[in-house]
Trainee: 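First the structure, then my questions, so here it is.
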Amino acid sequence: MIKKIIILTLFLSLNLFPHSVKDGDMDGSWQIVESFINGKKIKNANAVMVASEGFASANWTGSDGTKYFNYMSYEVKDGMVHVEMLYHSYDQYIGANWSHKPNFMGDKMSYITTWSWDGVEYTNRWEKVSCAYEKCARISDFR
């Protein structure tokens, strides 16, 4: 009985409680599930990001229907992701830098992150694209 309780506790701590980012955690195909700009929920948030080995590309549709694309480099260091914009749909954002601290679920299949860029605060909940067909732990609320 004690052994079952220990195993259950370990399983729950690995899969239900958030964890900070480590090397390799950002790799994969991600989609936005929820998005907020300056605390206001964005209806029909639509973005996809593919990340691998320190580089990522993202495609999204703005609220006005405009399609956007960016390409960036990133480094995971001390629980933070440090990003440099290498290409953006708007030239003025090329070369921009910012950092954020993803808060991952234990299965590393979803995370919430908040960051500020160009005077705007963004909060996004991302899930691996594979969560559409496999069971993933889900973060469902924002603080």
Side-chain angles (χ1 to χ4, degrees), residues 4-143:
K4 287 181 183 179
I5 292 172
I6 291 171
I7 290 171
L8 179 62
T9 302
L10 180 61
F11 174 77
L12 289 175
S13 70
L14 291 175
N15 288 299
L16 295 180
F17 298 107
H19 299 280
S20 64
V21 66
K22 294 180 178 54
D23 278 334
D25 289 348
M26 300 302 297
D27 292 353
S29 299
W30 299 89
Q31 62 187 356
I32 282 187
V33 180
E34 283 184 286
S35 185
F36 294 79
I37 297 178
N38 289 330
K40 182 180 176 189
K41 187 170 184 170
I42 303 303
K43 291 182 182 181
N44 303 320
N46 177 353
V48 176
M49 175 177 64
V50 177
S52 180
E53 298 180 0
F55 293 94
S57 62
N59 298 301
W60 72 99
T61 305
S63 58
D64 63 355
T66 303
K67 307 279 186 200
Y68 296 96
F69 172 78
N70 65 22
Y71 182 69
M72 61 206 109
S73 64
Y74 66 90
E75 177 184 21
V76 174
K77 186 176 180 182
D78 300 326
M80 298 285 291
V81 177
H82 306 280
V83 180
E84 180 180 1
M85 188 64 62
L86 302 175
Y87 175 82
H88 192 283
S89 297
Y90 293 124
D91 290 343
Q92 70 263 27
Y93 295 127
I94 296 172
N97 294 282
W98 72 95
S99 297
H100 64 99
K101 187 175 185 175
N103 190 5
F104 278 88
M105 288 304 294
D107 62 2
K108 300 291 184 166
M109 300 295 280
S110 65
Y111 70 91
I112 291 176
T113 191
T114 298
W115 76 96
S116 293
W117 184 32
D118 201 27
V120 178
E121 182 183 81
Y122 299 90
T123 300
N124 294 316
R125 180 167 64 97
W126 294 86
E127 283 185 350
K128 289 258 181 149
V129 171
S130 63
C131 288
Y133 57 86
E134 69 178 308
K135 186 175 179 180
C136 300
R138 296 227 157 104
I139 298 172
S140 62
D141 60 347
F142 289 90
R143 285 174 254 182

Trainee: Go through the structure and list residues passing side-chain contact (heavy atoms from CB on, under 4.5 Å) with Glu84, not counting sequence neighbours.
Mentor: Ser73, Leu86, Asn97
Trainee: My understanding is that only residues two or more places apart in sequence, or in another chain, count here; which of them pass side-chain hydrogen bond (donor to acceptor under 3.5 Å, both in side chains) with Asp91?
Mentor: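 So Asp91 forms no side-chain hydrogen bond (donor to acceptor under 3.5 Å, both in side chains) with any residue.
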Trainee: Could I get the full list of side-chain hydrogen bond (donor to acceptor under 3.5 Å, both in side chains) partners for Tyr122, not counting sequence neighbours?
Mentor: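 Partners of Tyr122 by the side-chain hydrogen bond (donor to acceptor under 3.5 Å, both in side chains) criterion come out as none, since no residue qualifies.
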Trainee: Taking only residues two or more places apart in sequence or in another chain, which ones pass side-chain contact (heavy atoms from CB on, under 4.5 Å) with Asp78?
Mentor: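 Applying side-chain contact (heavy atoms from CB on, under 4.5 Å) to Asp78 gives none.
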Trainee: Exactly one of Thr123, Ile37, Asn124 should register a side-chain contact (heavy atoms from CB on, under 4.5 Å) with Ile42. Which one does?
Mentor: Ile37
Trainee: Side chain to side chain donor-acceptor pair (under 3.5 Å): which pairs involve residues 36-56, sequence neighbours left out?
Mentor: Glu34-Lys41
Trainee: Just verifying a value: how many Å separate Arg125 CZ and Thr113 OG1, rounded to the nearest 0.5 Å?
Mentor: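 Spacing of CZ (Arg125) from OG1 (Thr113) equals 13.5 Å.
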Trainee: Side chain to side chain contact (heavy atoms under 4.5 Å, CB included) between Glu127 and Met109: does it pass, once the steps are laid out?
Mentor: CA-CA 6 Å; Glu127 283 185 350; Met109 300 295 280; over 6 Å; no
Trainee: Looking at Trp98 and Ser116, what are the two nearest heavy atoms and their distance?
Mentor: CB-O, 4.2 Å
Trainee: Looking at Ile32 and Ala45, what are the two nearest heavy atoms and their distance?
Mentor: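 Minimum heavy-atom contact is CG2-CB, 3.7 Å.
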Trainee: With the side chain counted from C-beta on, respond yes when Glu121 and Trp115 share a heavy-atom pair under 4.5 Å apart, and no when they do not.
Mentor: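 Not touching, per the 4.5 Å side-chain cut-off.
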Trainee: To the nearest 0.5 Å, tell me how far Cys131 SG sits from Asp107 CG.
Mentor: 6.5 Å
Trainee: Could I get the full list of ring-ring contact (aromatic ring centres under 6.0 Å, His included) partners for Tyr93, not counting sequence neighbours?
Mentor: His88, Trp117
Trainee: According to side-chain contact (heavy atoms from CB on, under 4.5 Å), who are the partners of Val48, at least two apart in sequence or on a separate chain?
Mentor: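 Checked Val48 against side-chain contact (heavy atoms from CB on, under 4.5 Å); zero matches.
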Trainee: Please report the C-alpha distance between Val81 and Lys101 in whole Å, then the side-chain angles of each, then the deciding distance to 0.1 Å, and finally whether the side chain to side chain contact (heavy atoms under 4.5 Å, CB included) criterion is met.
Mentor: CA-CA 6 Å; Val81 177; Lys101 187 175 185 175; over 6 Å; no
Trainee: NE2/His82 to OG/Ser99 distance, rounded to the nearest 0.5 angstrom?
Mentor: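 Answer for the NE2-OG pair, His82 versus Ser99, is 4.5 Å.
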Trainee: Atom CE in Met26, atom CD in Glu75: separation rounded to 0.5 Å?
Mentor: 13.0 Å
Trainee: Which heavy atom in Met80 sits nearest to a heavy atom in Val21, and how many Å separate them?
Mentor: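 Scanning both residues, the minimum pair turns out to be N-CG1, 3.9 Å.
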Trainee: The criterion is salt bridge (charged side-chain N to carboxylate O under 4.0 Å, His left out); which residues satisfy it with Asp25, sequence neighbours excluded?
Mentor: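 For Asp25 the salt bridge (charged side-chain N to carboxylate O under 4.0 Å, His left out) partners, ignoring immediate neighbours, are Lys108.
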Trainee: Which residues pass the side-chain hydrogen bond (donor to acceptor under 3.5 Å, both in side chains) test with Tyr68, not counting sequence neighbours?
Mentor: Tyr90
Trainee: Is the distance from the ring center of Tyr111 to that of Phe104 below 6.0 Å?
Mentor: yes
Trainee: Would you please name every residue forming a side-chain contact (heavy atoms from CB on, under 4.5 Å) with Ala56, sequence neighbours left out?
Mentor: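 In terms of side-chain contact (heavy atoms from CB on, under 4.5 Å), with neighbours along the sequence ignored, Ala56 is linked to Met49, Ala51, Met72, Tyr74.
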Trainee: Go through the structure and list residues passing side-chain hydrogen bond (donor to acceptor under 3.5 Å, both in side chains) with Ser89, not counting sequence neighbours.
Mentor: none
Trainee: Check whether the ring centres of Phe69 and Trp60 lie less than 6.0 Å apart, and answer yes or no.
Mentor: no
Trainee: Does any part of the side chain of His100, heavy atoms only, come nearer than 4.5 Å to the side chain of Thr114, both counted from C-beta?
Mentor: no
Trainee: Shortest non-hydrogen contact from Ser29 to Val50?
Mentor: OG-CG2, 4.0 Å
Trainee: Start with the C-alpha distance between Asn59 and Lys67, add both sets of side-chain angles, then the distance that settles side chain to side chain contact (heavy atoms under 4.5 Å, CB included), and finish with yes or no.
Mentor: CA-CA 7 Å; Asn59 298 301; Lys67 307 279 186 200; over 6 Å; no
